[in-house]
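Read the structure below first, then the notes.
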Amino acid sequence: AAVPAPKSTCKNLCHRHQLFINFRDLDWHKWIIAPKGFMANFCHGECPFSLTTSLNSSNYAFMQALMHAVDPQVPQAVCIPTKLSPISMLYQDNNDNVILRHYENMVVDECGCG
Amino acid sequence: FQFPEYVFLQFLGLNKVPSPQKFQPVPTLLRKILQDREAASTAGVPQDVCYIKELGVRGNVLRLLPDQGFFLYSKTRPQDSPCLQKLLYFNLSTIQEKQQLTMAQLGLDLGPNTYFNLGPELELALWLVPDTQVWGSKVPKAGRVLLVKSVPWPQGALRFNLQGMVRNWNSHSWPSLGLLLQILVKGDGAWELDGHLQDTCSRLRRSLHTYLLVVTLDPEQCHLVSRKRR
């Protein structure tokens, strides 16, 4: 039987939302030397079955969306980060130490269904 | 909505919000590493966050520890005593126990490197000072000699690898590092006659800047590369 495709507008589809947090707004600029802020991008949006293949999805997301369409008890494929990049932070602690620290997978570059 | 600030601070390895009185100078090396990382991120180049290629070591945290020591002044005549004696003290307590130390480098900045106003040759000596806990009560005794080196002056920045010494570091048994630095002016005696010696020594004291660059690796975020079996 044909699986009815749920209606979704382009605006509601899974994609990356840009969000920049300025450390000055949090008063953290007094101890964080660089960067000036953090790109706190996030993924949000729907992953309808009809568009699962075109929304940078994993094969499993396609299967899950298909199963959800057949059995609504199976959860829907969700909008998740598919590409992340690291950040480096330069800051000063209470002992006047200058610290440069690398953090993996901190900034969302791309989103997709999974 | 209250942002759980403490969660973020713990994530950074801090207990509370730092409130530095003044920003410490950031060495060119740290700025270069940061700029290279940012450029790679912007260009989408894959990065190994657990390897610092500029230093050729594994690690994801670089710390620049300022020297919290003090100068020692001798009561004898300047001609009979070292030009400069300083106890270098580095507080290692902020390095968490779980972190593995992969590099420790002592930086000695002896003032700007210049062809003008050339000075005499200097002899640098560095000793390990055990028992840094008793510093408050008396002048500590020097222990093992780590380095004896002659350098022309002005020399600029010098770096010494202390990795061998701190290889078995752990924060419980070794919360701080104490070193005794002694600088002697080598010359034929002419420096001592016309007041040059004292002038040289006070210039050295003013320009001396020391720090310890420490690289650590967080095993929860990085994995040490295991040796291949022969």
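Below, chain A is the first sequence line, B the second, and so on; all start at residue 1.
Rounded to the nearest 0.5 angstrom, B/Tyr211 OH and A/Asn97 CG are separated by 14.5 Å. Summarising the geometry, atom CG belonging to B/Leu9 is positioned 6.5 Å from atom CH2 belonging to A/Trp28; distances are rounded to the nearest 0.5 Å. With rounding to the nearest 0.5 Å, the separation of CG in A/Asp96 from CD in B/Gln68 is 7.0 Å. Atoms CD and OG, on B/Gln47 and A/Ser88 in that order, are 6.5 Å from each other to the nearest 0.5 Å. Atom CD1 of B/Ile52 and atom CG of A/Leu100 lie 7.5 Å apart (nearest 0.5 Å). A distance of 10.0 Å separates CG of A/Asp93 from CD of B/Gln24, quoted to the nearest 0.5 Å.
Considering only heavy-atom pairs separated by less than 4.5 Å from chain A, the leading option among B/Leu213, B/Val26, B/Val61 is B/Val61. Among the candidates B/Ser19, B/Pro20, B/Pro25, the residue making the largest number of heavy-atom pairs closer than 4.5 Å to chain A is B/Pro20.
Using a 3.5 Å distance cut-off with no hydrogens or angles, the side chains of A/Asn95 and B/Thr94 do not pair a donor with an acceptor.
When all heavy atoms are compared, the tightest approach of A/Gln92 to B/Pro18 is O-CB, 3.3 Å. Across every non-hydrogen atom of B/Ser41 and A/Pro86, the tightest pair is OG-O, 3.2 Å.
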Which is it for A/His102 and B/Asp48 under the side-chain contact (heavy atoms from CB on, under 4.5 Å) test, yes or no, and what are the steps along the way? CA-CA 9 Å; A/His102 304 309; B/Asp48 182 356; over 6 Å; no
Test side-chain contact (heavy atoms from CB on, under 4.5 Å) applied to A/Asn94 and B/Lys16, step by step: CA-CA 8 Å; A/Asn94 273 318; B/Lys16 58 179 181 177; 3.5 Å; yes
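Other residues, nucleotides and ligands contribute more than 12 heavy atoms inside 6.0 Å of the CG atom of A/Asp71. Few gaps surround CZ on A/Phe20; more than 12 heavy atoms of other groups in view lie less than 6.0 Å from it. Around the NE2 atom of A/His44, the shell of radius 6.0 Å holds no more than 12 heavy atoms that belong to other residues, nucleotides or ligands. With a 6.0 Å radius and a threshold of 12 heavy atoms from other residues, nucleotides or ligands, A/Arg24 has its CZ atom at or below the threshold.
For B/Val17, the parts lying under 4.5 angstrom from a heavy atom of chain A are both the backbone and the side chain. Neither the backbone nor the side chain of B/Tyr51 has a heavy atom closer than 4.5 Å to any heavy atom of chain A. Heavy atoms closer than 4.5 Å to chain A are found nowhere in B/Leu212, neither backbone nor side chain. Of the atoms belonging to A/Met106, it is side-chain heavy atoms, and not backbone ones, that fall under 4.5 Å from chain B. The parts of B/Leu34 that come within reach of chain A are both its backbone and its side chain, each placing non-hydrogen atoms under 4.5 angstrom from that chain. Using a 4.5 Å cut-off between heavy atoms, B/Leu29 does not touch chain A at all. For a residue to count as touching a neighbouring chain, one of its non-hydrogen atoms must lie under 4.5 Å from one of that chain's; by this rule B/Phe11 touches chain A with backbone and side chain alike.
A salt bridge links B/Asp218 with A/Arg101: the closest approach of a Lys/Arg side-chain nitrogen to an acidic carboxylate oxygen falls below 4.0 angstrom.
For the side chain to side chain contact (heavy atoms under 4.5 Å, CB included) test with A/Leu90, the passing option among B/Ile33, B/Leu64, B/Leu30 is B/Leu30; the others fail.
Under the 3.5 Å distance criterion, the side-chain polar atoms of B/Gln221 are left unmatched by any main-chain donor or acceptor of A/Glu104. Under a 3.5 Å cut-off, the side chain of A/Tyr103 and the backbone N or O of B/Val49 do not form any donor-acceptor pair.
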